[in-house]
Peer 1: 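First the structure, which I've put down as structure tokens, then a few questions once you've had a look.
Everything quoted here is computed from the prediction, not taken from an experiment. In what follows, every chain begins at residue 1, and chains take the letters A, B, ... in the order their sequences are listed.
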Number of protein chains: 2
Amino acid sequence: MRDPGLVPIQGQDPCGLIHLPARKQAFACRAQHRRTCCTLIRDNEELDKGHSVPAKPTRNRKASAAEHPGRMQMADIARLAGVSTSTVSRALKGSKLVNDETRQRIEQIASQFHYTVNQLAMSLRSGTNRTIAVVVPYEKDRRQNFTDPFLHGMIGALADVLTERDYEMLLVRMEAGQLPSIGSLVDAGRTAGIILIGQWHHHDQLNTIADRHLPLVVWGAQLPQQRYHCVGGQNTVGGRLAGEHLLGQGCRSIAFLGDRDLPEVEQRYRGFTAALRKHGVKHDPALRKDIPFLAPDARRATLEWIDHGVVPDGLFAASDLLAMAAIGALRERGLDVPKDVLVVGYDDVDFAAHFHPSLTTVRQPVQLGAEAMVDTLLDLLGQTPAAHAPELPTQLIVRESSQRA
Amino acid sequence: MRDPGLVPIQGQDPCGLIHLPARKQAFACRAQHRRTCCTLIRDNEELDKGHSVPAKPTRNRKASAAEHPGRMQMADIARLAGVSTSTVSRALKGSKLVNDETRQRIEQIASQFHYTVNQLAMSLRSGTNRTIAVVVPYEKDRRQNFTDPFLHGMIGALADVLTERDYEMLLVRMEAGQLPSIGSLVDAGRTAGIILIGQWHHHDQLNTIADRHLPLVVWGAQLPQQRYHCVGGQNTVGGRLAGEHLLGQGCRSIAFLGDRDLPEVEQRYRGFTAALRKHGVKHDPALRKDIPFLAPDARRATLEWIDHGVVPDGLFAASDLLAMAAIGALRERGLDVPKDVLVVGYDDVDFAAHFHPSLTTVRQPVQLGAEAMVDTLLDLLGQTPAAHAPELPTQLIVRESSQRA
DNA sequence: TCGCCTTTTGCAATCGATTGCAATTTGCGA
DNA sequence: TCGCAAATTGCAATCGATTGCAAAAGGCGA
């Protein structure tokens, strides 16, 4: 009895036989779901019947076929082209080991059947993985963090840079408390590396993760004893620029909005107060409120100030979102920006220029940042000892909200 | 000579031998990169040396090891726990076929070594795939489309819904021209299904893709002869609501901003003009401009109107972004909103309420939409014939920008 | 026609898991 | 103490590709 794995193929083979693992019984089952375009295979099947003994059933094939009905695979293409899978594999990845004519035939068949090499199998076998996880943590009970336009800008920039580098982006939302477990994204071979946007209060946990030498890059502030790779803007400089500008406009009693518990905000505040000090102004603790990056909080905080008789002549917010919300609140109480209060935000989100009044703000180097993060990460993956990325330059963009004229 | 595949393991086995494929020579190579936590394995290795004959080198292992230095795998855990990989596999996925005691030991070892089942191998073998591609097309030469806040809201909502359903999200940016190739995301086994945000002008191409029965759900407008699954808001109703509201506020010469080439916008415009007609008003073609969803275009278009002496008393924009940019332009020319011109936007993006003046707008059911898209897609994946999702309800949110008071 | 050197192609092991079936162990009643 | 059923565990095939090595085919000069 002939080996059921032996399947006759026309042409090419002198003895009419090429040893090719038959697709076995599964065909019968898969045929039900087969798309119209697959007639060609069926014809081929017909041809086979005359010669070969029906192969014995395979165990798991059926279940799998039920899930991915009729998905083509390399063996199908190989059979149609009358070659082995080795050749198909090589042809489709452009190896010069394959005859041009053969390659063209294979490519033609593949495209005709919408065949694309199975990435899972490919990654598994070749050990390559071109997916990067971009993790955006949120604090429990306030999912809204994701609404911050800065995040969107950053995610968009990352998506573009990764696409350019021919990587794919897995967007992961994760509760901040579970941060220590991000390592599993890499441990599971799911992604090649991780970009984390927002270090929050998790400095120590990040250090722990870094100690496992996972490919990880964080957007945030440079901190002492930082063992993870971190990219960010010059927060202290940004804070100083904002402070100096407001002082230069004649402000003396400047309010600050932002959660100094976050390293980035803390640095911005530090730069800001340093500027004040240089001009002999001490920052009144009553003029700062530690609020998260959420518009409603900014509004509430601003209203509270005013309702308690605290009316600053300037306001520096740790993000544009906060600044805009604060401006709204000021207006609610009849205070005009920039006539009564000058305001400076942080980030220079897309919309800052279209706001009314257009918003003076410290521009974060989003594009540069995205590139730096991706490049640092790819260096890590390539074993190249990543040059520790410096803080990226920051710049004050002066618009209407901070000019009395 | 003993089979090199036979490796001695202490305990459990009466004869001191369990047939377990050894990790072979790769160990030597991988050991270099091994993380500190792996001492336990080395000890185990030491033990082995005494008994077993060095296994012959494996070909590809080295290369792979170089890429994923020291990644644990199931065989390692099995060896450490003194069981087979079958048992480890079952234990880690909570099968009740495993003794509790054994499971606990295995779990303990796995967590100690940060071991996580390799998702690629798992997906490949078991045919499961819990990744969904969310595709956001952009038009060539204007990447900025991604900056539209509506998109961000939708992506955020999708991310949350998918996470909730225990799926992962692959965010794909793609040039609109390449849209016909999105099928490869599924063909390659990369993702289980596709959610496409923005049907743009690609109705026919989407139909073609749908004919291949790929799991695809699109956010957009319901169109005649639509063979792909599509979820969207009631655009005609939305347009009508906006029109009626502006008419009710006394407007008679209402400008329209938005690219009617896009089905959604076209429907909004149709509803809008229908409302006008009902009140005996015919929409003056001079009062509409087909511009893309980009702020600068809205500004330019608005300025052009005014500079050509066309000053409407109302304005309906196909998105909040356009509305806000238009308001800025009006202000530039000394026109106040809502004193001189009433404005209604579309989407109700997060920021609409914080804008000045706060923006009257037609709310898109983003959360509902995200849920509907995901559920429709999962139905498709589960072979459940997805109930064709109806158009989702739309609602006018009246704020300052459209009220003269 | 023969031998040797390129070009092409195929074989079979491998990536790291899952799972049907068979084998082993354990428990328990007779 | 024996036998049978239930509870555990292991074997080996399999998912769909990649790739080192060896074999086959083709070209060419003698």
Peer 1: Given that B/T116 and B/L97 both sit by DNA chain C, which one's nearest nucleotide is further toward the 5' end?
Peer 2: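 It is B/T116 whose nearest nucleotide is closer to the 5' end.
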Peer 1: Quick check: on DNA chain D, is the nucleotide nearest B/D100 upstream (toward 5') of the one nearest B/L124, or the reverse? Name the residue that is more 5'.
Peer 2: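 Of the two residues, B/D100 wins.
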Peer 1: Is there a donor-acceptor contact under 3.5 Å from the side chain of B/S123 to the main chain of B/T128?
Peer 2: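 Pair found, side chain donor or acceptor close to backbone of B/T128.
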Peer 1: Send over the distance from B/M72 CE to C/dG16 C1', rounded to a whole Å.
Peer 2: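 The answer, rounded to whole Å, is 13 Å.
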Peer 1: State which of D/dA17, D/dG10, C/dC11 makes the closest approach to the side chain of B/S84.
Peer 2: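 Closest nucleotide to the B/S84 side chain: D/dG10.
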Peer 1: Between the side-chain atoms of B/S126 and the base atoms of D/dC15, is any donor-acceptor pair under 3.5 Å?
Peer 2: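 Checked by distance alone, the answer is no.
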Peer 1: Report the distance from atom CZ of A/R90 to atom P of C/dG10, rounded to the nearest whole Å.
Peer 2: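 Rounding to the nearest Å, CZ of A/R90 and P of C/dG10 are 9 Å apart.
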Peer 1: I want to check something: taking the side chain as every heavy atom from C-beta on, are B/V88 and B/I109 in contact at a cut-off of under 4.5 Å?
Peer 2: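 Counting from C-beta outward, B/V88 and B/I109 never come under 4.5 Å.
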Peer 1: Side chain of A/Y115 only, heavy atoms from C-beta on: which candidate in D/dA17, D/dT18, C/dA17 is closest?
Peer 2: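 Taking heavy atoms from C-beta onward, the closest nucleotide is D/dA17.
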Peer 1: Give the nucleotide from the list D/dA17, D/dT18, D/dA13 with an atom nearest to the side chain of A/A121.
Peer 2: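 So the nucleotide nearest the side chain must be D/dA17.
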Peer 1: Please tell me which of the listed nucleotides, C/dT9, D/dT9, D/dA17, lies nearest to the side chain of A/T87?
Peer 2: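 Nearest to the side-chain atoms of A/T87, counting from C-beta on, is C/dT9.
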Peer 1: Without decimals, in angstroms, what is the distance between A/L120 CG and C/dC15 P?
Peer 2: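 After rounding, the gap between these two atoms is 17 Å.
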Peer 1: Of the nucleotides D/dG16, D/dA17, C/dA17, which has the atom closest to the A/M122 side chain?
Peer 2: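 Between D/dG16, D/dA17, C/dA17, the one nearest the side chain of A/M122 would be D/dA17.
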Peer 1: Can you tell me how far P of C/dT18 sits from CD of B/Q119, to the nearest Å?
Peer 2: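 One finds 10 Å between P of C/dT18 and CD of B/Q119, rounded.
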Peer 1: Among B/D379, B/V218, B/L216, B/L380, find the one that has a side chain to side chain contact (heavy atoms under 4.5 Å, CB included) with B/H229.
Peer 2: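 In the set B/D379, B/V218, B/L216, B/L380, the residue that makes a side chain to side chain contact (heavy atoms under 4.5 Å, CB included) with B/H229 is B/L380.
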Peer 1: To the nearest angstrom, how far is A/N99 atom CG from D/dG26 atom P?
Peer 2: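 Going from CG in A/N99 over to P in D/dG26 covers 11 Å.
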Peer 1: Given 3.5 Å as the limit, does a donor-acceptor pair link the side chain of A/N129 with the main chain of A/G189, or not?
Peer 2: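 Such a contact is found between A/N129 side chain and A/G189 backbone.
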Peer 1: Test for a donor-acceptor pair under 3.5 Å between the base of D/dT19 and the side chain of A/S86, counting only N and O atoms.
Peer 2: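 Donor-acceptor pair under 3.5 Å: yes.
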Peer 1: Find the distance A/N118:CG to C/dC15:P and express it as a whole number of Å.
Peer 2: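 Taking CG of A/N118 and P of C/dC15, I get 18 Å after rounding.
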Peer 1: With B/V83 as reference, evaluate B/V98, B/I77, B/N99, B/T102 under the side chain to side chain contact (heavy atoms under 4.5 Å, CB included) test and give the passing residue.
Peer 2: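 Going through the options one by one, the only one that passes is B/T102.
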Peer 1: What is the distance, to the nearest angstrom, from the NZ atom on A/K93 to the C1' atom on D/dA17?
Peer 2: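 Value for this atom pair: 9 Å.
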Peer 1: By nearest atom, which of the nucleotides D/dT18, C/dT19, D/dT8 is closest to the A/V117 side chain?
Peer 2: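 So the nucleotide nearest the side chain must be D/dT18.
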Peer 1: Using whole Å, what does the distance between atom P of nucleotide C/dT7 and atom NZ of A/K96 come to?
Peer 2: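 Atom-to-atom, A/K96 to C/dT7, this comes out as 12 Å.
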